[in-house]
2 protein chains.
Amino acid sequence: MTSIASTEPQAGAAPLENFAIPRQSLHGQVVTRLRDMVTEGHLAPGQRINEVALGQALGVSRTPLREALKTLAGEGLVELVPTRGAVVRSFSLKDIADSMEVLKALEQLAGRRACAVATEAEIAHVLALHEELRERYAAGDRLPYFKTNQAIHSAIVTLADNPTLLRMHEILQAQMKRIRFIGHEGVEKWAAAMAEHEEMAAALARRDGEALAEVIGRHHDLGLERIREAY
Amino acid sequence: MTSIASTEPQAGAAPLENFAIPRQSLHGQVVTRLRDMVTEGHLAPGQRINEVALGQALGVSRTPLREALKTLAGEGLVELVPTRGAVVRSFSLKDIADSMEVLKALEQLAGRRACAVATEAEIAHVLALHEELRERYAAGDRLPYFKTNQAIHSAIVTLADNPTLLRMHEILQAQMKRIRFIGHEGVEKWAAAMAEHEEMAAALARRDGEALAEVIGRHHDLGLERIREAY
DNA sequence: TGCGGCCATTCTGCATACAGTGCACAAAAC
DNA sequence: GTTTTGTGCACTGTATGCAGAATGGCCGCA
């Protein structure tokens, strides 16, 4: 049989997963959209969410919207007040520091694990992202730099090959994303952050988990410092 | 006026808060109930959840039940399969090891922070729980020991005064609770675990964060070992 | 006898309808 | 003038109804 279902795929054929038709439930789409709206500031912190109004804006009935709000509440992006519905969560400085502390611990763990278990190809991929980050920095493009920056951190966590860790990291990163959009750091801080990224890339390249964890720790301490000033 | 609403309550009268009628939303109740059903094994892993049947069993319509399932999916206790609904998540050994690794990192962080910021009274409370644990161990009561054990770990995380950390710990602990019910460890392993708890209590009493983190790490490594054997 | 296609059943996903609660504004009493 | 109580409105919480998808069984055919 030469059917698609053959257990021996042709050499050079793409894996079957690549042909899957992306079928996201409406619920999932609403969650994604809402999360973006919160993290990108289209919904202000403290703002009450009117279900009918928001539902109409999204072109969705209240049911999937409410389910999405429950999901976002689990991620800590909104708070559910009984009989008052959902409120966009507003983060105090302590909230941010707390989340940052956990984020730091998770990424340090990820860094150690990544150095231990990642393939050469995976590491090369992160290093390629690092190259991209350098270019963004040299060009002075803040938003692209910011996105590549996040991509690198996520990529390192992905290398750790630990879905639980990845999920928790995603949740915290989404919370921080909302905040980081605020601060436009000074030139010298930006340079320091970039220097730390150089260190991170070097540590990863030589699979030095402890060194990577150390610099990741410093990197987050600086990040929190930066946020503190902007607040 | 001597009405109830008087701002000057009679001496000896109980504070008004004591008369508050506890009103948890139906959603919250369903979430709690379902979570218990999963962690205590009343819903078998891999089992599909029939919304109408379960709704009738709980005496609730499908709407709040579905919302609760979304919440539980966020906690990783059930999986949502498109057009097939919710399935009780079944954990592979790797899943457990992954979650345990994160749980370990979080508790180590909590231990360090607890030693730094906890009040004497809070530490005394944990030490009291530890006394209780000793008694359970001496009496050989496994289930009460298990509960007190979890209470201690949760209490230490609470001392860290970091709600984000606490929430993530709760999620992971709920996942592990489902697993730990399985294994009834041998006598020698139990003794080792108890000895580690003695070390933990001592480290906490003298606020030695590093020592506490170290023993917590060993404690979780042993815990994973124990689960590995039972699997 | 084995396989493939068709059909019915079942259950999810989404929308809508209804009931109940809280809040704000206003009016009245002290 | 201040406080309090009543009433209307707006919005959430819950239930139910309806359409679509997937699964499993059954029958026909090779």
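Per chain, numbering begins at 1; letters A, B, ... match sequence-line order.
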Polar atoms only, N or O, under 3.5 Å: list the protein pairs with nucleotides 7-10 of chain C and their distances.
none

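- For the pair A/Glu229 and A/Lys189, the salt-bridge criterion is met [side-chain N within less than 4.0 Å of a carboxylate O].
- Pairing each heavy atom of A/Leu65 with each of A/Gly55, the nearest pair is CD2-N, 3.5 Å.
- The two residues A/Arg35 and A/Leu72 make their nearest non-hydrogen contact at N-CD2, 4.0 Å.
- When rounded to the nearest whole Å, the span between NZ of B/Lys70 and C1' of C/dT12 equals 9 Å.
- Shortest non-hydrogen contact noted between B/Ala114 and B/Ile156 is CB-O, 3.8 Å.
- Closest approach of B/Ala193 to B/Tyr145, counting heavy atoms only: CB-OH, 4.2 Å.
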How does protein contact run along nucleotides 14-19 of chain D, one letter per nucleotide 5' to 3', with B for base contact, S for sugar-phosphate only, - for none, heavy atoms under 4.0 Å? BBBB--

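- Using a 4.0 Å heavy-atom criterion, one finds that B/Val81 contacts the sugar-phosphate atoms exclusively.
- Heavy atoms of other residues, nucleotides or ligands lying less than 6.0 angstrom from CZ of B/Arg112 number more than 12.
- An OP1 or OP2 oxygen of D/dT23 is reached within less than 4.0 angstrom by a side-chain nitrogen or oxygen of B/Arg84.
- For B/His220, the ring pair (Phe, Tyr, Trp, His ring centres under 6.0 Å) criterion is met by B/His153, not counting sequence neighbours.
- Using a 4.0 Å heavy-atom cutoff across all strands shown, B/Leu80 reaches no nucleic acid atom at all.
- Atom CD1 of A/Ile49 is separated from atom C1' of D/dA10 by 17 Å (rounded to the nearest Å).
- In terms of heavy-atom proximity, B/Lys94 sits nearest to A/Asn162 at NZ-CA, 4.5 Å.
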